[in-house]
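The block underneath contains the structure these notes are about, expressed in structure tokens.
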Amino acid sequence: MRRVLAALGGAAVVLGLLSTAGSSLVPVAAAARALGNDYLLLAAIGGIAALAAIAATASGRAERMNQASTPDPEGPVTVPPAGGTLDESLSSWQLRLPVLGAGQRETVRDRLRAAAVGTVRRSEGCSRTEAAAKVADGEWTDDDHVARFLAEDDLSVVATVRTPSIARRTVAVVESLEASESNRGEVT
Amino acid sequence: MKRRRTNRWRGVVGVALVVGAVGLAAKRPPLLLLAGVGVVFAAYPDLAPRTEPAVGLERTVSDPNPDPGDHVEVSVSVTNQGDGLLADLRVVDGVPPTLSVVESLPRRGTALRPGETDSFTYTVRAERGTHGFEPATVVARDLAGATEFETTVGAEALTELDCTTPLSSAPVRPETLQQVGRIAADAGGIGTEFYRTREYHPSDSIGRIDWNRYAATGELTTTEYREERATSVLIAVDARASAYRGPDDHTHAVVRCVSGARRLVDVLSRTRNPVGVAGFGREYCLLEPDTGREHARRAHRILATHETFDSRPPTDPVDLEGQARQLRASLNERTQLVLLSPLCDDEIVRLARRLQLAGHAVTVVTPDPTDEGSPGRRLGQVERRNRETELRDAGVRVVPWAADEALESAFDRATRRWHR
């Protein structure tokens with residue numbers, strides 16, 4: 001395509017040069033007579049140029065620039081912190097909504113429940129089933145809000161709205177349970 | 001090498017045509033002349049020579065084995081190895097993705113005549129782990145900037161910053177005696193190391209009778225030596241998206257797992273035990289256990305360059321179950337598995353437990369990716385310790401590896417605990 005355009009451009013230049021040299025090969029005078037006067041001939045050529053300009057300008061807009069974007073290696077690759085997804089959930093406004101946030105709330109509760117079961121198991125040296133039963137019965141902590149938060153199937157409206165704060169409290173309770181376990185020392 | 005037209009001069013054609021049209025309509029010859037200038041600009045990129053660049057790159061580091069936190073100067077030399085002028089050459093060095101540039105810039109814009117060389121230096125801060133440089137990105141444009149070539153150079157030269165300390169032993173199972181030269185089974189038999197003496201049996205070889213004891217006591221006893229069995233060790237790295245976690249201002253867990261795997265390859269390949277490498281992540285990667293220096297070099301190469309072990313997290317989820325099936329197919333009953341994982345999810349714990357219960361001796365080396373601070377981060381710590389306990393309960397040996405700790409010291413601590 002570019003070669004065709006280049007050939008056409010070259011031919012136009014040659015014709016232009018020939019016409020200025022007064023050659024009879026280019027019927028400039030006949031074309032001017034046909035149009036009425038020479039200005040209209042120039043205007044017609046200018047019109048063709050203007051049309052071509054519209055196409056060329058449209059295709060040459062800045063967003064059509066096609067240049068390589070070099071990488072930015074100055075800073076290290078960043079990764080999320082372990083446990084970071086819980087922080088994202090706790091800062092989400094949807095978590096407090098009764099119906100819309102139900103799925104997200106259950107995910108948070110499941111995760112906290114699993115952590116509580118694992119930690120009860122460690123701290124009390126019991127089986128997973130026993131630990132799960134303690135958490136399900138709310139017997140694993142003296143904190144009623146936290147115990148009910150993990151034990152109840154359906155949260156009350158108040159607990160639903162307060163989910164982020166109770167979840168944070170649950171983490172603290174699980175941590176304190178773990179601290180008592182670590183005081184007993186590692187087993188393996 | 002990618003070649004592309006930048007379209008930088010496309011607008012000039014439009015401007016030239018508009019100016020020409022106005023010049024004709026207004027009968028202004030100077031405008032026509034100006035349009036001619038525009039045409040020259042538009043035509044020049046097609047007339048200018050386009051030289052495909054041939055660029056050589058050499059990279060040196062001031063200290064290939066720095067300590068964590070050290071500043072390391074990186075010098076990069078770029079040479080025009082082609083025949084044409086490189087009028088606009090831009091080079092961006094492939095800094096290891098886990099390191100920070102702390103001084104100067106790892107990039108250079110220059111023009112090079114044939115055979116000419118230009119250099120630049122920058123400084124990175126070393127972090128714990130083994131950090132491989134990536135190929136440098138090179139963009140060369142012609143004089144008009146209308147055509148550009150984009151390529152990478154320096155892929156063949158594996159430059160690394162190794163910010164780890166060599167290991168003197170590996171946490172392989174001691175049914176076994178830790179010793180450079182072999183993994184010895186805890187069974188008496190024919191070997192070189194004394195194991196025990198027992199009552200003589202007529203079928204015993206005469207060469208194994210303890211004649212000293214016979215001279216002293218008059219009793220015939222047979223000496224048994226520790227039987228040497230080659231035990232293959234498969235070192236597996238968890239490089240799934242969930243493993244790309246790390247505390248602030250520290251190398252993330254996958255980089256530490258990969259560098260730990262490389263140190264394990266070093267120490268185990270000095271024995272006669274076959275060592276292999278596997279990885280879970282973008283795709284399942286396996287180098288079957290084998291011995292020899294060439295095999296160890298291949299293991300290093302895979303850990304340094306295979307896309308599964310890339311230091312940038314993958315975006316697609318991983319079918320761990322499918323990859324685990326492939327892993328199990330490559331294990332025999334004598335293969336020990338050393339799994340390096342930050343234990344950031346339950347799936348990897350289930351896999352390690354299953355393998356242990358299937359009779360493979362599994363040891364999990366687990367770099368700590370957790371951090372103090374928010375409730376989520378603190379919960380991450382609790383969850384991880386719960387997972388360690390679950391593994392221990394299944395008989396898996398666990399080597400917790402703190403963020404600012406050398407692997408050797410983590411092994412020492414774990415070994416002391418095992419022998420308590």
Side-chain angles (χ1 to χ4, degrees), chain A residues 2 6 9 39 42-43 45-50 52-62 64-68 70-77 79-90 111-112 114-115 117-119 121-122 128 167-168 170-172 174-175 178 182 186-188, chain B residues 4-8 10-15 17-18 20-22 24-25 27 46 90 92-95 97-101 105-107 137 139 148 150 244-248 252 311-313 342 344 369-371 374-386 389-390 392 398 417-418:
Chain A
R2 296 189 68 80
Y39 178 75
L42 286 178
I45 296 171
I48 294 168
I54 292 168
T57 308
S59 70
R61 283 176 305 176
R64 295 284 177 87
M65 285 276 278
N66 182 26
Q67 296 188 143
T70 51
D72 297 320
E74 284 84 357
V77 62
V79 296
T85 48
L86 182 79
D87 293 326
E88 283 170 26
S89 299
L90 295 186
R111 188 168 173 186
L112 290 170
V117 168
T119 311
R121 183 174 164 234
R122 270 199 290 152
R128 169 168 286 281
R168 289 189 188 97
T170 307
V171 172
V174 170
E175 274 186 305
E178 194 189 39
S182 64
E186 286 281 346
V187 178
T188 308
Chain B
R4 64 166 75 84
R5 297 186 63 83
T6 62
N7 296 338
R8 179 182 283 190
R10 292 286 286 276
V12 172
V13 177
V15 171
L17 287 168
V18 168
V22 172
L24 286 171
K27 290 186 175 178
D46 286 325
R90 293 154 199 235
V92 182
D93 197 19
V95 182
T98 43
L99 297 184
S100 301
V101 177
L105 290 173
R107 54 181 80 229
T137 303
V139 177
E148 71 178 17
E150 183 182 3
Y244 285 78
R245 298 286 184 273
D248 294 340
H252 66 68
S311 41
R312 294 180 199 81
C344 287
T370 63
D371 210 353
S374 66
R377 291 174 185 224
R378 290 181 350 247
L379 184 73
Q381 292 179 323
V382 173
E383 288 173 330
R384 193 165 161 281
R385 285 191 283 267
N386 286 345
T389 304
E390 272 193 51
R392 289 185 180 116
V398 180
R417 201 170 55 234
W418 297 337

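Order of the sequence lines fixes the chain letters, A, B, ..., with proteins taken first and strands second; residue numbering starts at 1 for each chain. Fair warning: this is a prediction, and the values are worked out from it, not measured in the lab.
- With a 4.5 Å cut-off on non-hydrogen atoms, D248(B) does not touch chain A at all.
- V174(A) is not listed as a side-chain neighbour of E383(B), based on a closest heavy-atom distance of 4.5 Å or more.
- A side-chain contact (heavy atoms from CB on, under 4.5 Å) with L379(B) is found for one member of T170(A), L86(A), T85(A) and no other, namely L86(A).
- Rounding to the nearest 0.5 angstrom, the gap separating the CG atom in N386(B) from the CZ atom in R121(A) is 8.5 Å.
- Proximity to chain A is limited to the side chain of T137(B), based on heavy atoms less than 4.5 angstrom apart.
- Of the atoms belonging to A52(A), heavy atoms from both backbone and side chain fall under 4.5 Å from chain B.
- Proximity of V79(A) to P313(B): side-chain heavy atoms (C-beta onward) are separated by under 4.5 Å at one or more points.
- Chain B forms more heavy-atom pairs under 4.5 Å with one residue of D87(A), V171(A), I45(A) than with any other, namely D87(A).
- Most heavy-atom pairs under 4.5 Å with chain A, from the set P247(B), A25(B), S311(B), C344(B): that is A25(B).
- Looking at heavy atoms from C-beta onward, R122(A) lies in side-chain contact with R385(B) at the 4.5 angstrom threshold.
- In this structure, E74(A) and V95(B) have side chains that are not in contact, with every pair of non-hydrogen atoms separated by 4.5 Å or more.
- Put simply, of P71(A), G84(A), A43(A), G75(A), the one with the most heavy-atom pairs under 4.5 Å next to chain B is P71(A).
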> Would V139(B) and Q67(A) satisfy side chain to side chain contact (heavy atoms under 4.5 Å, CB included), going step by step from the backbone distance to the final call?
Replying inline: CA-CA 9 Å; V139(B) 177; Q67(A) 296 188 143; over 6 Å; no

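- Shortest non-hydrogen contact noted between A82(A) and P369(B) is CB-O, 3.8 Å.
- Proximity to chain A (any heavy atom under 4.5 Å) is restricted, for L99(B), to the backbone atoms N, CA, C and O.
- Among the candidates L105(B), V18(B), D371(B), V92(B), the residue making the largest number of heavy-atom pairs closer than 4.5 Å to chain A is V92(B).
- By number of non-hydrogen pairs under 4.5 angstrom with chain A, the leading residue of G380(B), P375(B), G14(B) is P375(B).
- Per-residue counts of heavy-atom pairs under 4.5 Å with chain B were compared for P80(A), S89(A), A115(A); the largest is that of P80(A).
- Across all non-hydrogen atoms, the minimal contact from G46(A) to A21(B) is O-CB, 3.2 Å.
- Counting only distance, with no hydrogens or angles, the side chain of E148(B) and the backbone of A68(A) share a donor-acceptor pair below 3.5 Å.
- Ionic pairing of D72(A) and R107(B) is present here: one or more N-O contacts between side-chain nitrogen and carboxylate oxygen are shorter than 4.0 angstrom.
- Among all heavy-atom pairs drawn from R377(B) and P81(A), the shortest one is NH2-CG, 3.4 Å.
- Contacts between V382(B) and chain A at a heavy-atom distance below 4.5 Å involve backbone atoms as well as side-chain atoms.
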